[in-house]
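For reference, the structure is listed below as structure tokens.
Numbering of residues begins at 1 and proceeds along the displayed sequence.
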Amino acid sequence: MKNADILVSGGGIAGPTLAYWLRKAGFRPVVVERAPGPRPGGQAVDLRGAGRTVIDRMGLLDQARQLAVDQRGLALVDRNGKRLAELPTEAFGGEGIVSDLEILRDDLAAVLHRATADDVEYLFDDTVTSLREDADGVDVAFEKAPPRRFDLVVGADGLHSTVRRLAFGPESEHVVPIGGYTAWFTARLDLDLDDWFLMYNAPGGRVAMARPGRAPGEVKAGLSFRSAPLAHDRRDRAAQQRLLTDRFAGAGWEVDRLLAAMAEADDFYFEHLGRVRLDRYTRGRTALIGDAACCPTPLTGLGTSLALVGAYLLAGELATAEGDFTTAFARFQGRMKPYAAKAQELPPGGMAGYAPNGRAMIALRAASMRWMTRRPLRTLMASQAAKASDVALPDYANVPSSQRS
């Protein structure tokens, strides 16, 4: 088979999924991941629509269900903890704001790693430092491992993708901020969630969240706020936590307790909210999938679906084109781009709708959630939910390449 040696940068969700399908088709993928092993921590991610179909075709859906987080739905609360609005997981056929199948990100990553560990080479605690492409392949330099040559390179390495920067240009040309920041961490708190994902809007465009984890006494917490781009060091955890403390202190509800727990969390994550905008997901012998290609922001709930679907489509097109990457890349682009474009559309109101500034708009948000299951909002929300399934997933094992269009 042509172009069988493929480097995949990123060991989260998209990378191992791509490696699984590539190996199944007879390719020789190598996955490089900056972390020393599968990354621990992370919040619940949705398995919905076409993304759930990919997991099912991998034979991993039962494992995912066994690890699913028990959640009744999303509820908005006021500063005193009073429920203002509820949207159960059953709404919109289980494809609403909180889907009926959510799994912690590290649990899903572990499932994918176990499915590939026996026959895929992983290079942990390392990263790509340079790519030099010629007509026949790509010479790749690593931070720690010796240089190697690959036929193709795929970036599945997130919003701040190293592969995208090296092959497509600076991050500033491709990542568009939507006006906010978010932090997630695990809190050890005695907080009665009653199996609901609780969300609190405080004036000033601030959002505090708490949802059940899988372990007793484990709360998955989040803090988000509206802001123009800030100058901050992505690796300075202490400075990030000071920023959050300053922004949220005294905000009400359980926020002060969440801030106290934040300092003790070993999985603290802070990031600006931005969408990746690319006309094409391939350049030469390099392709991008997942957040590296088309990050939609967490507001859409479709990041995991885009990662799983992109990995499946890219591997499938490479397999049916028998390694002819120019043909495969073009077909992948044609299938993936329309799906990603719709998935990247923010929910109504965007960041302002998610994190309203004033009390009147906060009250309107709660009212809107109460009306979501009624017309006309029901129709609008149903169209949002349908985006997760709005892509054709060929059964590549049964579709000869000669019949592809």
Side-chain angles (χ1 to χ4, degrees), residues 13-14 17 43-57 61 64 71 73-74 87-103 105 108 156 158-159 175-176 178 180 182 197 199 273-281 288-314 316 331-354 365 368-369 371-394:
I13 305 301
T17 303
Q43 297 298 307
V45 297
D46 303 283
L47 285 181
R48 62 172 84 226
R52 188 181 301 191
T53 301
V54 172
I55 290 293
D56 191 19
R57 291 184 183 181
L61 188 55
Q71 291 183 112
L74 173 67
L87 190 69
T89 56
E90 295 82 8
F92 305 103
E95 299 275 358
I97 297 176
V98 174
S99 78
D100 61 358
L101 178 51
E102 298 209 356
I103 179 173
R105 187 187 183 281
L108 179 58
L159 180 66
V175 178
V176 181
I178 67 166
T182 193
F197 177 177
M199 183 178 292
L273 297 172
R275 287 183 288 185
V276 172
R277 296 298 201 189
L278 287 170
D279 292 332
R280 298 195 60 80
Y281 304 140
L288 301 173
I289 58 174
D291 280 355
C294 49
C295 177
T297 81
L299 271 62
T300 67
L302 293 173
T304 302
S305 294
L306 287 175
L308 294 168
V309 168
Y312 178 82
L313 291 177
L314 179 57
R331 290 172 174 169
F332 164 69
Q333 175 79 19
R335 290 189 181 277
M336 189 66 196
K337 184 66 174 178
Y339 180 58
K342 291 180 181 179
Q344 286 188 296
E345 295 172 354
L346 297 178
M351 194 67 192
Y354 166 68
R365 186 186 186 210
S368 297
M369 182 173 288
W371 300 334
M372 276 183 185
T373 55
R374 310 173 194 170
R375 294 176 183 270
L377 285 184
R378 179 178 177 82
T379 302
L380 178 62
M381 288 302 300
S383 66
Q384 286 287 119
K387 292 178 182 179
S389 301
D390 196 11
V391 61
L393 292 181

Given L313 and I289, is the side chain to side chain contact (heavy atoms under 4.5 Å, CB included) satisfied, shown in steps? CA-CA 10 Å; L313 291 177; I289 58 174; over 6 Å; no
Rounded to the nearest 0.5 Å, what separation is found between the CZ atom of F332 and the CG atom of L288? 8.5 Å
Determine all donor-acceptor pairs shorter than 3.5 Å in which one atom belongs to a side chain in residues 297-304; sequence neighbours excluded.
| unit_1 | atom_1 | unit_2 | atom_2 | d |
| --- | --- | --- | --- | --- |
| T297 | OG1 | L299 | N | 3.3 |
| T300 | OG1 | T297 | O | 3.1 |
| T300 | OG1 | L302 | N | 3.1 |

For a 4.5 angstrom cut-off between non-hydrogen side-chain atoms, does R335 reach Y312? no
With distance as the sole test, does E95 use its side chain to make a donor-acceptor pair with the main-chain N or O of R48 at under 3.5 Å? no
Compare every heavy atom of Q344 with every heavy atom of C295, then report the nearest pair and how far apart it is. O-NE2, 2.9 Å
If you compare all heavy atoms of A64 against all heavy atoms of L101, which two are closest, and at what distance to 0.1 Å? O-CD1, 4.2 Å
Taking atom OG1 of T182 and atom CE of M351, what is their separation to the nearest 0.5 Å? 7.5 Å
Using the side-chain contact (heavy atoms from CB on, under 4.5 Å) criterion, which residues pair with P348? Sequence neighbours excluded. L380, Q384
Distance col, row F197:CZ vs Q43:CD, nearest 0.5 angstrom, shows 8.0 Å
Enclosure of K342 NZ (heavy-atom neighbours >12, cutoff 6.0 Å): no
Quick check: closest heavy atoms across E102 and Q71, and the distance to 0.1 Å? OE1-NE2, 3.1 Å
Taking atom CG of L108 and atom CG of D46, what is their separation to the nearest 0.5 Å? 11.0 Å
d(E90 CD, D100 CG) to nearest 0.5 Å is 8.0 Å
Tell me whether R277 contacts the main-chain N or O of V176 through its side chain, where contact means a donor paired with an acceptor under 3.5 Å. no
Given side chains that start at C-beta, do those of C294 and Y281 come closer than 4.5 Å, heavy atoms only? yes
Identify the heavy atoms of F92 and M381 that sit nearest to each other, and give their distance. CZ-CB, 3.3 Å
Judged by atom type as modelled, is there a donor-acceptor pair below 3.5 Å linking the side chain of Y339 to the main-chain atoms of S389? no
What's the shortest heavy-atom distance between M336 and L306, and which atoms? CE-O, 3.5 Å
Starting from the C-alpha separation in whole Å, work towards a yes-or-no answer on side chain to side chain contact (heavy atoms under 4.5 Å, CB included) for D291 and V276. CA-CA 7 Å; D291 280 355; V276 172; 5.9 Å; no
Set of side-chain contact (heavy atoms from CB on, under 4.5 Å) partners for A352, sequence neighbours left out: R226
Can you tell if the side chain of P88 reaches within under 4.5 Å of the side chain of V98, non-hydrogen atoms only? no
So, for V175 and G274, which heavy atoms are closest and what is the spacing to 0.1 Å? CG1-CA, 4.4 Å
What distance separates L74 CG from M369 CE, expressed to the nearest 0.5 Å? 4.0 Å
